[in-house]
Amino acid sequence: GLPRILNIIRTPFDEQATLIITQDITAAEQLNATRTAFVANVSHELRTPLTVINGFLETLTDMPELPQEQRQSFIALMSKESARMRNLLADLLTLSRLESQTDISMRKQPVNLTALAEQVVHAARILSADKHTFVCELATDIWVNGIQQDLYNAFSNLLFNAVRYTPPQGTIAVRLTSEQYQHDFWRAIFQVSDTGAGIAAEHIPHLTERFYRVDSGRSRQSGGTGLGLAIVKHALAEHNGKLQIESVVGSGSTFCAILPQMKSDKRLDSCGTLA
Ligand code: ADP
């Protein structure tokens, strides 16, 4: 963008000389606009469940004669909405923590991705409640230098999305592999494939933006906060990794988290950075 002229000063000593002070404010303005949009989104996301809860509270208060069954169903809906708010706040805190971290490299430790993937698959099976078939292929003894909790967040968001966006009877395949990508470097690939509805190509570049949803009704219905893939992106970037997304509408999606791996001798200084 063009720089904004802040001030034009005619120097008192030389009639010919003019001092022009400018500032490039485009970046600052953009950041401001992003921030404003983010606050508006968060407010909206919190207000929706609050409105629902308040509505049911009023009904319950004003109509003591309501049958017990109906009261119970209102209470169940209120607790669902309050869980949504709790999840949103948890994701907001995770995201802000990921963004404001400083001493990351000091806090990194060897993390066993195989064990981590097993934990995440276990949690996803519970979320799925036997509605899906899981196919798992996890290579043993894959390590990265990283922050366990952030890697857990990344993997679980990918796998929980697969569960939430795949209709019952669908198949979810989880693979953890390791491949050599340069003479001396290996990378770990955590791949989640589902047989869900798939995502149209024009949406794919935007999926990691905060609150970007392909179908917001469906996302809310499935308990989504709209922040899951933004968290994945940040958590992987913190490990010099990246996210790859491939999808075919009508047949399913594949999300790959790719992370530079530790050498087999597990030395801390042996991690590469992905191009
Ligand atoms: P949400 O909480 O809405 O799921 P995410 O950031 O995790 O937010 O995902 C962003 C959007 O990407 C979702 O709203 C959904 O439209 C789409 N999406 C994510 N994962 C999948 C998947 N496995 N299959 C189909 N669509 C998906």
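Note that ligands are numbered from 1 as they come in the structure, with each ligand's atoms numbered from 1 the same way. Just so it is clear, the values below take in all heavy atoms, side chains as well, and ignore hydrogens, waters and symmetry mates.
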Original post:
For ligand 1, which atoms sit closer than 4.0 Å to a heavy atom of T225?
Top reply: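 Near T225, the atoms of ligand 1 are 2 (O).
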
**OP:** Under 4.0 Å from a heavy atom of R213: give me the atoms of ligand 1 that qualify, with their elements.
**Re:**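 Per the distance check, 3 (O), 14 (O).
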
Any atom of ligand 1 sitting under 4.0 Å from a heavy atom of [X]?
| X | result |
| --- | --- |
| R220 | no |
| S253 | yes |
| F211 | no |
| L207 | yes |

Original post:
What do we get for I199 next to ligand 1 when only non-hydrogen atoms under 4.0 Å count, side chain, backbone, both or neither?
Top reply: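 Just the side chain.
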
Subject >> ligand 1 contact on F255 by region, counting heavy-atom pairs under 4.0 Å >> reply: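 Near ligand 1, F255 shows its side chain, while the N, CA, C and O stay back.
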
**OP:** Report yes or no: do Q180 and R187 form a side-chain donor-acceptor pair below 3.5 Å?
**Re:** no

Original post:
With no hydrogens and no angle check, do the side chains of D91 and T225 hold a donor and an acceptor under 3.5 Å apart?
Top reply: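 T225 and D91 do have a side-chain donor-acceptor pair below 3.5 Å.
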
Subject >> Any residue meeting side-chain hydrogen bond (donor to acceptor under 3.5 Å, both in side chains) with N161, in chain and number order, not counting sequence neighbours >> reply: R164

Original post:
When you look at D150 and R97, which way does the salt bridge (Lys or Arg N to Asp or Glu O under 4.0 Å) test go after all the steps?
Top reply: CA-CA 10 Å; D150 296 342; R97 193 176 50 76; 3.0 Å; yes

**OP:** Please write down residue, atom name and distance for the protein heavy atom closest to atom 19 (C) of ligand 1.
**Re:** N161 ND2, 3.6 Å

Subject >> Options G223, G198, G226, A230, ranked by nearest heavy atom to atom 8 (O) of ligand 1, top entry >> reply: G226

**OP:** Give every residue pair that meets the side chain to side chain donor-acceptor pair (under 3.5 Å) criterion with at least one member in residues 194-218, sequence neighbours excluded.
**Re:**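 Every pair satisfying side chain to side chain donor-acceptor pair (under 3.5 Å) with a residue in residues 194-218: E45-R213, E99-R210, H203-Y212, H206-E209, R213-S219.
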
